[in-house]
Amino acid sequence: MRDLGAESNWVAISGDLRITKSPHEREAWRRSKLTAFFLKKGWMNQGPWLQASHLMRWFPDIMAQAAKVAPGAAFLVPFRYNGKFEQPRLT
């Protein structure tokens, strides 16, 4: 994460929400200043082709949102497309 964060214009998309909950993983991510989009519950129990098709539907919104925010921002991506991201609880 640190190496990608040192480069510009990288966005992380992850299905691992533990990053937002584990203090040491959250700190590593925050230090990287990577903008992150975390896939909410519902993504991981779908087949890879269905995941890919839903991710492609979300992709323009992810890129537009990433362009609007400061590096290090985080969002949750629902499985069902509604055009709205949520904010993760970073506790």
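Computed over heavy atoms, backbone and side chain alike; hydrogens, waters and symmetry mates excluded. Everything numeric in this text was worked out from a predicted model, so none of it was measured.
- By the side-chain contact (heavy atoms from CB on, under 4.5 Å) test, V11 is found to be paired with F37, I62, A66, residues two or more places apart in sequence or in another chain being considered.
- H54 pairs with exactly one of F79, Y81, W49 by the side chain to side chain contact (heavy atoms under 4.5 Å, CB included) rule, that one being F79.
- Taking R18 as the reference, D16 meet the salt bridge (Lys or Arg N to Asp or Glu O under 4.0 Å) condition, with sequence neighbours excluded.
- Residues meeting the side-chain hydrogen bond (donor to acceptor under 3.5 Å, both in side chains) test with Q87, sequence neighbours left out: none.
- Residue pairs meeting the salt bridge (Lys or Arg N to Asp or Glu O under 4.0 Å) criterion with at least one member in residues 50-72, sequence neighbours excluded, do not occur.
- Here the shortest heavy-atom pairing between L39 and G15 reads CB-CA, 4.1 Å.
- Scanning both residues, A70 and T35, for their nearest heavy atoms gives O-OG1, 3.9 Å.
- For W58 and F85, the gap between ring centers is short of 6.0 Å.
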For residues 40-47, run the donor-acceptor check on the side chains, cut-off 3.5 Å, and write out each pair with its distance to 0.1 Å, sequence neighbours left out.
residue : atom : partner : partner atom : Å
K40     : NZ   : E86     : OE1          : 3.0
K40     : NZ   : E86     : OE2          : 3.0
W43     : NE1  : V77     : O            : 2.9
W43     : NE1  : P78     : O            : 3.4
Q46     : NE2  : G42     : O            : 3.4

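- Applying the salt bridge (Lys or Arg N to Asp or Glu O under 4.0 Å) definition to pairs two or more places apart or across chains, none involves residues 72-85.
- With sequence neighbours excluded, no residue satisfies ring pair (Phe, Tyr, Trp, His ring centres under 6.0 Å) with F59.
- Residues I19 and S14 have side chains in contact (heavy-atom distance under 4.5 Å, counting atoms from C-beta outward).
- Applying the ring-ring contact (aromatic ring centres under 6.0 Å, His included) test to every pair with at least one member in residues 2-32, sequence neighbours left out, gives these pairs: W29-F38.
- Across all their heavy atoms, P88 and A74 have their closest contact at CD-O, 3.4 Å.
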